[in-house]
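Below you'll find the structure, written out as structure tokens, and then a few comments.
Just so we're clear, the structure is a prediction, and the values are computed from it rather than from any experiment.
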Amino acid sequence: MDERLELALARIRAGDGPGAEAVLADVAGAPTAPDDVRVVHLRAVAAHLRRDEEAAERLMASALAATTDPTLVASLHNDLGNMRLEAGRPGAAVASYEASLLVQPEDAPTWANLATARRHAGDPVGAGRAGLHVLELEPGAALGRAAVGAALLHLTGQGRSAEALDLVRRWAELDPDHPGARHRLAALGGLPAPERAPDDYVATLFDASAEDFDDHLAGLGYRAPALVADRVAALLGEAAGELDVADIGCGTGLVGDLVRPWARSLVGCDLSVGMLRRARLRGCYDALHHAELSAFLRARHAAYDLVVCADTLCYLGDLEAVTRAVAGALRPGGTFVATVEHLDDPTRPWRLTPTGRYAHGTEHLRAVSALAGLSDVTTTPVHLRLEAGEPVEGLLWSARRPTAAARPQGADSSPSEGEDGRVGRD
């Protein structure tokens with residue numbers, strides 16, 4: 001029987017519910033527990049895979065009625081929660097995970113599952129508390145950090161800043177050395193705002209979302225890559241494949257794909273290894289670099305005809321240093337096109353928002369462009385994407401390095417330390 005069960009389990013892992021059921025049909029009548037429970041459990045999962053939720057629920061109830069073993073009972077409730085969550089029934093999933101935790105209250109992964117179910121059920125505060133409990137059980141656990149971070153995103157997206165601040169204060173107490181906790185605390189006013197998000201916070205944030213990043217953004221009506229490409233077309237005209245192009249903060253390559261027709265060579269850089277892996281699969285880059293964008297640019301004086309950047313500068317506050325780096329990396333006559341989130345407050349150049357991202361004012365973009373020696377500066381109000389159903393207002397920013405001009409004050413063309421690995425294109 002064990003061999004048949006292993007075969008059924010392998011088919012379940014491959015997502016083949018009917019195939020698993022065909023295997024299990026030969027052993028469904030096997031006598032005595034615990035084998036009966038194992039068979040019924042797998043039959044329930046197989047039914048779920050073929051979307052027969054009524055059969056899955058019935059079989060899981062039978063499996064639970066057939067055992068009193070606490071470890072097995074907890075596992076069955078947890079798996080039932082997983083099936084209910086995948087079936088779009090987060091409230092029912094919450095009940096299953098809570099039943100599992102009544103039997104095994106110290107199981108951190110089940111607490112993380114409960115956090116996800118509560119969030120999908122419309123309870124981000126409860127989700128955050130479950131995530132905090134993961135961190136109490138397993139200090140520094142990635143599952144706990146992810147659960148709390150996701151709850152914070154929902155709370156801030158709903159404008160519930162006071163509840164988010166209570167949650168992140170507790171997170172910072174439990175996880176005092178985690179840059180994400182401290183940055184989110186600063187974003188909500190619990191600490192002074194830093195001039196930029198920590199590199200390891202940004203890398204961790206995007207590594208965690210790399211696999212489904214493109215699908216997620218598509219659901220938000222994400223427009224930044226197309227806006228950047230449209231501005232490139234307006235400024236540079238018909239694509240002729242003649243330019244050396246850098247895509248800084250390239251992510252999965254959404255911008256790179258669109259500007260590739262203008263490129264003789266196209267390189268990207270990003271802090272997230274996960275994003276770079278996805279960008280490599282896209283196949284539009286000649287080279288990809290794991291590097292912080294300012295350090296990357298400072299090491300490449302007058303190397304590019306075009307530098308593009310979509311939705312990355314929102315992780316920096318004061319943009320003077322990076323704009324100088326862009327200007328230094330551009331050849332005379334070279335073009336820069338980027339998006340930022342818009343700060344509609346003429347009294348402030350930039351602000352760290354409750355989302356953990358920075359917004360920038362029009363005058364700040366013009367000022368840092370002038371300090372870097374860039375000309376033909378244009379800032380256009382745009383809608384970047386949706387967040388909590390509301391448009392995120394941004395600015396489409398473009399400028400040129402003059403063909404003949406004095407070097408900007410304080411510019412440094414010498415290579416800097418900090419560039420690291422390179423991921424070559426296939």
Side-chain angles (χ1 to χ4, degrees), residues 179-180 183 194-210 213 224-225 228 243-257 259-260 263-331 334-340 356-358 368 372 397 401 411-426:
H183 183 71
E195 290 202 351
R196 58 180 293 151
D199 287 353
D200 45 0
Y201 163 71
V202 176
T204 301
L205 180 68
F206 286 97
D207 280 345
S209 60
F213 185 75
V228 168
L243 306 179
D244 294 317
V245 182
D247 180 6
I248 56 174
C250 64
T252 63
L254 292 171
V255 180
D257 238 0
V259 301
R260 179 73 222 191
R264 170 176 58 194
S265 68
L266 174 63
V267 301
C269 75
D270 204 282
L271 283 168
S272 167
V273 172
M275 289 290 186
L276 289 169
R277 289 184 181 129
R278 302 298 295 179
R280 183 173 182 268
L281 293 174
R282 196 175 293 276
C284 61
Y285 295 95
D286 296 293
L288 290 163
H289 300 261
H290 179 217
E292 190 276 328
L293 57 88
S294 293
F296 174 82
L297 292 169
R298 286 196 298 268
R300 291 162 175 82
H301 179 61
Y304 302 111
D305 305 296
L306 173 65
V307 174
V308 294
C309 183
D311 260 11
T312 298
L313 299 179
C314 57
Y315 293 98
L316 304 175
D318 190 335
L319 297 179
E320 180 180 349
V322 70
T323 309
R324 288 186 184 274
V326 167
L330 286 171
R331 294 175 180 141
T335 301
F336 174 51
V337 181
T339 62
V340 300
R357 301 187 299 270
Y358 294 81
V368 297
W397 172 28
R401 178 177 174 179
D412 180 6
S413 63
S414 60
S416 69
E417 297 179 0
E419 178 192 356
D420 48 44
R422 171 176 172 141
V423 184
R425 182 185 177 199
D426 281 340

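Minimum interatomic distance between Cys309 and Val228 (heavy atoms only, all atoms of both residues): O-CG2, 4.3 Å. Scanning all heavy atoms of the two residues, the minimum distance from Ala372 to Ala327 falls at O-CB, 3.4 Å. Across all their heavy atoms, Gly253 and Cys284 have their closest contact at O-SG, 4.3 Å. The minimum heavy-atom distance linking Tyr285 with Gly268 is given by the pair CD2-N, 3.7 Å. Summarising the geometry of Pro225 relative to Ala310, their closest heavy-atom pair is N-CB, 4.4 Å, with the distance given to 0.1 Å.
Once rounded to the nearest 0.5 Å, the distance linking CG of Asp200 with CG of Asp207 reads 11.0 Å. The structure places CZ of Arg277 at 10.0 Å from NE2 of His290, a figure rounded to the nearest 0.5 Å. Atom-to-atom distance recorded for Leu330:CG and Arg300:CZ is 14.0 Å, nearest 0.5 angstrom.
Using a 4.5 Å cut-off on side-chain heavy atoms (C-beta onward), Tyr315 and Arg357 make contact. Within the 4.5 Å cutoff, the side chain of Thr252 has heavy atoms near those of the Met275 side chain. You'll find the side chain of Leu271 stays beyond 4.5 Å of the side chain of Phe206, heavy atoms only. For the pair Asp247/Val259, no side-chain contact is recorded, criterion being any heavy-atom separation below 4.5 Å from C-beta on. Leu316 has its side chain within reach of Leu313: a pair of non-hydrogen atoms, C-beta onward, lies under 4.5 Å apart. The shortest distance between side-chain heavy atoms of Pro194 and Tyr358 falls below 4.5 Å. Using a 4.5 Å heavy-atom cutoff, the side chains of Cys250 and Leu276 are in contact. The shortest distance between side-chain heavy atoms of Ile248 and Thr312 does not fall below 4.5 Å.
Dense packing is recorded around CZ of Arg282, with more than 12 heavy atoms of other residues, nucleotides or ligands lying under 6.0 Å away.
Among pairs with a residue in residues 310-322, those fulfilling salt bridge (Lys or Arg N to Asp or Glu O under 4.0 Å) read Asp311-Arg385, Glu320-Arg324, at least two apart in sequence or across chains.
Exactly one of Val255, Val267, Leu266 qualifies for a side chain to side chain contact (heavy atoms under 4.5 Å, CB included) with Val245. That residue is Leu266.
Side chain of Asp305 to main chain of Asp244: a donor-acceptor pair is present (N/O by atom type, distance under 3.5 Å, no hydrogens or angles). At distances below 3.5 Å, not a single donor-acceptor pair connects side-chain atoms of Arg401 with backbone N or O atoms of Thr335. Between the side chain of His183 and the main chain of Gly356, a donor-acceptor pair closer than 3.5 Å is present.
Using a 4.0 Å cut-off between a side-chain N of Lys or Arg and a carboxylate O of Asp or Glu, Arg260 and Asp286 qualify as a salt bridge.
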